[in-house]
There are 2 protein chains.
Amino acid sequence: METVSDRAGEEIEFHGKGGKTLVEGAYATLRREILEGAFEPGAKLRTEELRARYNISGSTMREALTRLLGEALVTSEGQRGFRVAPASLEDFRDLTEVRKLIETEALRQAIAHGDEAWESQIVASFYRLSKVEERLAEDPAHAISEFEERNREFHRALIAACPSRWLHHFIGLLFQQSERYRRMSMAKRTIPRDVHAEHKAIFDAVIARDADLACKLTADHIERTLTVLRVALEPQAEPRRSKTKINS
Amino acid sequence: METVSDRAGEEIEFHGKGGKTLVEGAYATLRREILEGAFEPGAKLRTEELRARYNISGSTMREALTRLLGEALVTSEGQRGFRVAPASLEDFRDLTEVRKLIETEALRQAIAHGDEAWESQIVASFYRLSKVEERLAEDPAHAISEFEERNREFHRALIAACPSRWLHHFIGLLFQQSERYRRMSMAKRTIPRDVHAEHKAIFDAVIARDADLACKLTADHIERTLTVLRVALEPQAEPRRSKTKINS
DNA sequence: GTCAACAAAAATCTCGATATTTTTTTAAAG
DNA sequence: CTTTAAAAAAATATCGAGATTTTTGTTGAC
């Protein structure tokens with residue numbers, strides 16, 4: 001089992017999936033670290049540095065970085081290497097709008113096509129999500145990653161019956177992008193928010209097969225994270241900066 | 001200037017862009033070759049073979065392949081290499097539906113936001129497209145690549161005023177995916193089709209800022225290529241195959 | 001002091017060879 | 001003749017070093 005050195009030189013595991021290739025391991029680990037904010041948006045990603053961090057060779061590291069390029073989590077420019085994808089309120093606003101458009105469409109199709117197996121998967125994932133939401137109030141720092149996982153799983157279950165592969169693909173990309181901002185939003189939590197109540201409302205509407213209501217609630221739900229982050233950023237709005245880049 | 005060996009061992013140019021890296025060169029060339037159908041959907045892409053074809057090393061070739069992975073033009077599985085992304089009527093049907101959803105939304109936003117500069121770019125690209133459409137009737141085989149380029153440019157110009165980066169990104173991916181099918185559809189041309197008239201109608205509606213009409217026409221325009229390909233495939237529908245993979 | 005040219009350092013990109021895994025072939029057994 | 005097992009071949013994945021480009025630092029002229 002491979003290991004990688006942590007920030008100060010500790011060693012953390014390479015996410016013990018046996019059959020995987022080194023590229024896939026480095027890719028998965030770096031992706032998570034970017035999403036969790038271990039690397040600042042826009043930060044330089046030196047191959048030599050990362051190569052050493054993950055104990056792999058340069059070319060292998062480049063291949064892992066190139067994968068993240070395809071998910072828009074890193075950028076690469078000509079002859080001057082890779083960077084973490086920049087983050088901005090404007091980007092998140094855009095992301096949110098497109099997500100509303102695509103995810104509500106997928107939800108509508110899922111409600112139209114879904115069978116009992118689909119429903120039961122929603123029930124199960126909603127239950128699992130609810131459990132971790134309780135824990136989130138007590139121990140936010142520790143439960144947040146598990147919350148993210150179950151939140152993703154719940155949202156995936158909702159639209160699982162949508163037959164469009166391309167909608168699923170795009171939603172996956174957008175959801176992942178949102179995760180980065182969502183974590184920032186939770187870190188700077190300013191507005192009190194009953195996420196569980198939102199999920200419950202969506203859950204009820206979907207099980208009741210009320211497509212219009214479910215889509216409306218989902219759109220509001222997606223929008224709300226943007227509002228929270230916007231409020232968290234606006235008060236300290238320095239008039240000098242116009243583009244409001246986000247630096248964690 | 002690098003060269004690559006053609007099918008029978010000839011040498012063709014590496015798309016003479018000077019400042020590019022070898023990875024970018026191989027990536028761009030292979031992408032075009034896949035889109036043009038030089039490699040069959042689902043075909044194995046042996047690194048050794050490609051490496052020799054483009055005169056680059058294995059790791060560099062892998063990096064180029066990984067880029068195409070992010071654009072869903074190739075697939076990669078665990079420890080068994082890369083393949084050209086499969087193509088199927090079902091995939092094209094899905095692609096078409098999603099494209100209609102996203103591209104009409106972008107067009108609506110473009111019409112709402114567009115200024116005079118936007119309009120003039122549309123006029124220019126429509127003119128350029130019209131010119132090559134004339135040539136297309138006489139000399140299809142030779143004009144097709146130029147038609148594809150100008151067609152892409154026209155469609156891009158139409159939605160250029162849409163402010164959403166993510167819509168642009170997805171539309172770019174979907175348009176590229178469609179290109180592969182579009183070329184198949186043109187090769188097996190069965191139904192007579194006045195593409196120029198379709199473009200003209202869209203052009204007029206957009207310039208008149210009639211969003212509803214423009215979106216309707218665009219959706220029909222996108223749908224029509226699907227219909228053409230469907231008709232071209234259905235007559236020879238062998239009852240044995242259920243999934244109707246497309247093998248050029 | 002600022003700018004430019006040049007040199008040194010650092011980083012990126014590329015290569016060719018090796019280790020590992022999968023696939024094919026061959027041989028043996030039931 | 002089919003199935004199983006072992007060996008050989010082919011293909012993938014990985015490495016570490018070298019070539020190329022960008023960035024940083026220094027010197028000298030104006």
Side-chain angles (χ1 to χ4, degrees), chain A residues 1-5 13-31 34 39-40 42-70 73-86, chain B residues 1-5 13-31 34 39-40 42-70 73-86:
Chain A
M1 192 154 299
E2 281 300 324
T3 59
V4 301
S5 60
E13 267 188 13
F14 216 42
H15 219 52
K17 279 130 192 175
K20 281 199 170 184
T21 192
L22 288 184
V23 170
E24 285 170 64
Y27 153 75
T29 308
L30 178 54
R31 177 179 57 182
I34 290 174
F39 297 94
E40 300 258 310
K44 195 97 220 306
L45 291 170
R46 282 177 213 83
T47 35
E48 169 56 27
E49 203 172 288
L50 294 172
R51 187 204 72 68
R53 184 182 178 85
Y54 299 128
N55 290 317
I56 58 180
S57 81
S59 353
T60 307
M61 191 65 236
R62 287 181 63 83
E63 199 179 317
L65 282 161
T66 302
R67 288 213 188 188
L68 292 169
L69 195 66
L73 283 177
V74 318
T75 60
S76 110
E77 200 191 344
Q79 202 86 241
R80 51 187 75 104
F82 298 88
R83 292 180 166 278
V84 178
Chain B
M1 193 154 297
E2 280 299 325
T3 59
V4 302
S5 59
E13 265 187 15
F14 217 42
H15 220 52
K17 277 131 193 174
K20 285 200 166 182
T21 73
L22 289 185
V23 170
E24 286 170 67
Y27 153 75
T29 307
L30 179 54
R31 177 178 58 182
I34 289 175
F39 296 95
E40 300 259 310
K44 195 96 221 305
L45 290 170
R46 282 177 212 83
T47 34
E48 168 56 27
E49 203 172 287
L50 294 172
R51 187 204 70 68
R53 183 183 179 86
Y54 299 128
N55 290 317
I56 58 179
S57 82
S59 352
T60 307
M61 192 64 236
R62 287 182 63 84
E63 199 180 318
L65 282 160
T66 302
R67 288 212 188 189
L68 292 169
L69 196 65
L73 284 177
V74 317
T75 61
S76 110
E77 201 191 342
Q79 202 84 244
R80 50 188 76 103
F82 300 87
R83 292 181 166 278
V84 178

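All chains are named by letter (A, B, ...) in the order of the sequence lines, taking the proteins before the strands, and each is independently numbered beginning at 1. Only heavy atoms go into these numbers, but all of them, side chains included; no hydrogens, no water, no symmetry mates.
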Check whether any side-chain heavy atom of [X] sits under 4.5 Å from a side-chain heavy atom of [Y], and report yes or no.
| X | Y | answer |
| --- | --- | --- |
| B/Phe82 | B/Thr75 | no |
| A/Leu30 | A/Met61 | yes |
| B/Arg62 | B/Thr47 | yes |

Per-nucleotide protein contact string for nucleotides 7-21 of chain C (B base, S sugar-phosphate only, - none; heavy atom under 4.0 Å): ----SSSBBB----S
Could you measure the distance from the [atom1] atom of [X] to the [atom2] atom of [Y]? Nearest 0.5 Å is fine.
| X | Y | atom1 | atom2 | value |
| --- | --- | --- | --- | --- |
| B/Thr21 | B/Tyr27 | OG1 | OH | 11.0 Å |
| B/Lys44 | B/Arg80 | NZ | CZ | 9.5 Å |
| A/Thr29 | A/Leu50 | OG1 | CG | 11.5 Å |

A/Thr60: side chain to side chain donor-acceptor pair (under 3.5 Å) partners, not counting sequence neighbours: A/Ser57
First and last nucleotide of DNA chain D, 5' to 3', lying under 4.0 Å from heavy atoms of chain A: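 First and last nucleotides in contact are D/dA13 to D/dT23.
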